[in-house]
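Here the structure comes first, spelled out in structure tokens, and everything after it is commentary.
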Amino acid sequence: MEEKERPVDFIREIIREDIKNNKYGGRVHTRFPPEPNGYLHIGHAKSICLNFGIAEEFKGLCNLRFDDTNPTKEEQEYVDSIKEDVRWLGFDWQEREYYASDYFEKLYEYAVELIKKGSAYVCDLSADEIRDYRGTLTEIGKDSPYRNRPFEENLGLFERMRKGEFPDGSRTLRAKIDMRSGNINMRDPVMYRILHAEHHRTGNKWCIYPMYDYAHCLSDSIEGITHSICTLEFEDHRPLYDWFLDQLGVYHPQQIEFARLNLSRTVLSKRKLIQLVQEGHVSGWDDPRMPTLSGIRRRGYTPETIRNFCDRIGVAKKDSTVDMALLEYLLREDLNKRAQRVMAVLKPLRVVIINYPENQPENQIEELDAINNPEDPGMGTRKVPFSRVLYIEQDDFREEPPKEFFRLAPGREVRLRYAYFIKCVDVIKDKSGKIIELHCTYDPATRGGDSPLWVGSSTDRRKVKATLHWVSASHSIEAEVRLYDHLFAVPDPGEETGDFKKDLNPESLVILRSCMVEPYLAAAKSGDIYQFERQGYFCVDPDSSLWDGSSTGGKTVFNRTTTLRDTWAKIEKRLK
RNA sequence: UCGGAGGUCGUCCAAUGGUAGGACAGGAGCCUUUGGAGCUCUCAAUCGGGGUUCGAGUCCCUGCCUCCGAGCCA
């Protein structure tokens, strides 16, 4: 089988060209540079797959570098979660775990060099004043009165900034570029600010911290990065990235920008994600409805699906929103191959097989053979107990079936998967008219679910239109099932209303507490993935281990990762 | 209004001056012991206007639309 050629994106094209021209000596070295101030989400996965993927493909390297230049926002907890997520995706940075804070001393020396060159100066303007002097998008800025301080004075002042002689915000070190530039980033940007804050790695060693633009290009340079890949909003920063490196005459990587991922029916901005957590719209960063990697993982997605997805969406410079349906398609494709099939009744309806022998003990239970995965015979078979009293899905019975409904109804015959054909002969209701039980007969000739020949025919087999899943009442185990759906009810949250929270899907989580699953699931452990036949893919939630006294009452908890493709649901929707 | 970047099926990505193609979504059908999976078919696009060229999605001009930018955030 030949591999389908996937077209290369513009970044890989640039890299191919660079290798051909022996730029950087044919070397390829990328980096993934998260700020440890939050959890990674699927948008970050795109960047991770791009950077680590390129390194793999071109036999290069990819560093993991924490961009930790703002001590007021960053924490070790985030460093740990980021490492876990990158590892989960299957990437390895070996010993190359770096921190911008590792370079603080070197960065300071470079700053001194720039001051000596007359390319940087200490400015006494306040934050408000700097903003005033900066001008606007349409008006040029004006020079700071401190712009032309002699370099000895700048040197002295900068040294005293480092020593902690000045309060926060009282002074900054600025690059001396051009206050009349059309690019606001070039209007003497701040390089260092005074921040008497404890840093998660350097503690109280520093009270001045470098800004992103200054630290990032130099960190790339120090690490010998060849291609510094970032998102579109940094396009305006590239002249500044280049300026610092050129001024210092140091090794110069190239910055390349691509469009960040947007996904329909969710949000990926840090600000919005924080709101969802803080206002309790979700249970936390790892809520299975969150697009965070920890949430996705708990939901039951596999890292292979995410990597495949990142591969399939491509890389370009155009703003775009990928349809969640593509992610779900790839998820099903992956899970279909690997998930063990199992039967679970989510909303049980009691069924009594009235002609099933009940007075002969040896006949009361049968062990029937069920296939574990029709896509993979290697996964084998298992035994499923059958008895006189069963549960089927409430949704699989209609007293008055619409035309296209071909599941169980009064007088109608269907197949119970791997068991028998049954026919509904009676509907039992309580005083309020609610259906509480079905009486059915079974046909012993259909054992295993095989269709027998019509009476008198040698070729024509009896047909049933539906096959239902079921469990034996006395053998099944009670479980909690959490049905997850899209967090947002519309493709583009906030688009219409202006407030993304108004578009939250009220049914993004439905909890079912008395589901009945087949006994095989007694051995299920946290993280295990199953397909509940005809319903979807489910994984065992970590809450399952919170035995006794917990909200789950010691039951196993299954998260619905995604539904199966559901033709009937589509028909039903159309009928409404 | 100034600077930067973008506009190809509903969505995402291709086509690198030579037949606009793939995937998802939608529709129709086949098959089926999961209304699953699979298979087949189908719908569907070059932002507008000029120009260059034998030939333009691609090159030039022009207009329009979208996104990003005024943190001592990254």
Side-chain angles (χ1 to χ4, degrees), chain A residues 4-9 13 33-35 37 67-70 72-74 123 125-127 130-131 134-141 168-174 181-187 189-195 208-209 211-213 215-216 230-239 257 259 264 270 312-330 332-333 336-337 341 343 370-371 374-375 404-407 415-419 421 446 448-451 464-469 491 531-536 563-571:
Chain A
K4 248 188 273 173
E5 275 291 318
R6 202 157 280 296
V8 292
D9 55 73
E13 221 155 277
E35 182 189 14
N37 73 339
D67 222 332
D68 56 349
T69 55
N70 186 351
T72 64
K73 295 190 172 171
E74 296 144 8
C123 183
L125 256 28
S126 69
I130 285 186
R131 192 180 313 116
R134 188 157 34 222
T136 68
L137 293 177
T138 53
E139 291 164 57
I140 60 169
D168 287 2
S170 60
R171 281 176 228 263
T172 56
L173 181 73
R174 294 228 256 164
S181 172
N183 181 345
I184 290 187
N185 296 119
M186 300 299 271
R187 318 238 261 233
V190 172
M191 293 166 57
Y192 273 90
R193 74 286 215 186
I194 300 172
L195 237 37
I208 57 171
Y209 291 92
M211 298 287 290
Y212 166 84
D213 287 301
H216 202 91
C230 62
T231 43
L232 249 31
E233 68 270 25
F234 291 103
E235 216 150 15
D236 283 346
H237 295 243
R238 190 177 351 120
E257 311 86 11
S264 66
K270 202 167 276 181
R312 296 277 290 262
I313 56 176
V315 181
K317 295 197 72 162
K318 181 175 62 164
D319 290 310
S320 62
T321 302
V322 176
D323 194 336
M324 177 73 89
L326 175 62
L327 216 209
E328 291 168 341
Y329 168 82
L330 297 170
R332 293 188 183 107
E333 185 180 59
N336 179 44
K337 283 180 296 192
R341 270 60 167 174
M343 292 197 282
I371 295 165
E375 304 293 318
E404 291 163 277
F405 182 92
F406 45 79
R407 274 113 92 150
R415 169 169 38 234
L416 292 183
R417 183 146 224 224
Y418 302 127
F421 284 15
T446 58
D450 288 319
S451 178
V464 287
K465 291 203 75 175
T467 300
L468 310 187
H469 60 275
Q531 182 195 102
F532 288 180
E533 294 225 23
R534 303 206 303 132
Q535 314 207 74
T563 58
L564 251 23
R565 224 175 74 211
D566 192 345
T567 310
W568 167 243
K570 215 179 276 179
I571 294 169

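Here is how names work: the chains are called A, B, and so on, in the same order as the sequence lines, proteins then strands, and each is numbered from 1.
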OP1 or OP2 of B:rC73 versus the side-chain N and O atoms of A:K270: is any pair under 4.0 Å?
no
Give one of base, sugar-phosphate or nothing for A:E404, where a contact means two heavy atoms less than 4.0 Å apart.
base
Which of these nucleotides, B:rC73, B:rU11, B:rG35, is closest to any side-chain atom of A:D323?
B:rU11
What's the closest nucleotide to the A:N70 side chain, out of B:rA74, B:rG69, B:rC12?
B:rA74
Does A:S320 put a side-chain nitrogen or oxygen below 4.0 Å from OP1 or OP2 of B:rC13?
yes
Drop me the distance from A:M343's CE to A:L468's CG, to the nearest 0.5 angstrom.
10.5 Å
A:F234 has its side chain closest, among B:rG36, B:rG71, B:rA74, to B:rA74
Of the listed nucleotides (B:rG69, B:rC73, B:rA23), which one gets closest to any side-chain atom of A:R193?
B:rC73
Would you indicate, yes or no, if B:rC72 has its OP1 or OP2 atom less than 4.0 angstrom from a side-chain nitrogen or oxygen of A:S126?
no
So does A:R174 get a backbone contact from the side chain of A:T172, meaning a donor-acceptor N/O pair under 3.5 Å?
no
Whether A:Y212 contacts B:rC73 is assessed here as follows: a side-chain N or O lying under 4.0 Å from the phosphate OP1 or OP2. Is that the case?
no
Ignoring the backbone of A:L326, work out which of B:rA23, B:rA70, B:rC73 is nearest its side chain.
B:rA23
Rounding to an integer number of angstrom, what distance separates B:rG18 and B:rU40 when you compare their P atoms?
30 Å
Determine the Euclidean distance between corresponding C1' atoms of B:rG7 and B:rC43; express it in Å to zero decimal places.
24 Å
Under-4.0 Å side-chain N/O to phosphate OP1/OP2 contact, A:R565 with B:rA37:
yes
By the definition side chain to side chain donor-acceptor pair (under 3.5 Å), identify the one residue from A:E74, A:K270, A:K73 that meets it with A:N37.
A:K270
A:T467 and A:R415: side chain donor to acceptor below 3.5 Å:
yes
Does A:K317 come within less than 4.0 Å of A:E257, counting only side-chain N to carboxylate O?
yes
Side chain of A:T467 - closest among B:rG69, B:rU34, B:rA23
B:rU34
Would you tell me if any nitrogen or oxygen in the side chain of A:R332 comes within less than 4.0 Å of OP1 or OP2 on B:rA37?
no
Provide the distance between the two C1' atoms, one in B:rU58 and one in B:rU19, to the nearest whole Å.
16 Å
Return the nearest nucleotide to the side chain of A:L564; candidates are B:rC72, B:rU8, B:rG36.
B:rG36
Could you tell me whether the phosphate oxygens of B:rA70, OP1 or OP2, come under 4.0 Å of any side-chain nitrogen or oxygen in A:R187?
no
Round to the nearest Å and state the distance from A:L195 atom CG to B:rG71 atom P.
17 Å
Nearest to the A:R134 side chain among B:rC2, B:rA23, B:rC72, which nucleotide is it?
B:rC72
For A:I130 and B:rA70, what is the distance between atoms CD1 and P respectively, to the nearest whole Å?
15 Å
Measuring only the P atom in each nucleotide, how far is B:rG10 from B:rC47? A whole number of Å is fine.
12 Å
Using the P atom on both, measure B:rC41 against B:rU53 and round to a whole Å.
42 Å
Using the P atoms only, state how far B:rG6 lies from B:rA23, rounded to an integer number of Å.
28 Å
Check whether any side-chain nitrogen or oxygen of A:T567 sits under 4.0 Å from OP1 or OP2 of B:rG36, and answer yes or no.
yes
Is the distance from OP1 or OP2 of B:rC67 to the nearest side-chain N or O of A:K317 less than 4.0 Å?
no
Give A:R415 one of three labels, base, sugar-phosphate or nothing, depending on what nucleic acid heavy atoms sit under 4.0 Å from its own.
base
With the side chain defined as heavy atoms from C-beta on, A:E375 is closest, among B:rA70, B:rU34, B:rA37, to B:rA37
Nearest-0.5 Å distance, CG of residue A:D236 to CG of residue A:D213:
10.5 Å
Closest to the side chain of A:K570, out of B:rG26, B:rC72, B:rA70, is B:rG26
Taking B:rG57 as the reference, what is the distance to B:rU52 when you measure between their P atoms (whole Å, please)?
16 Å
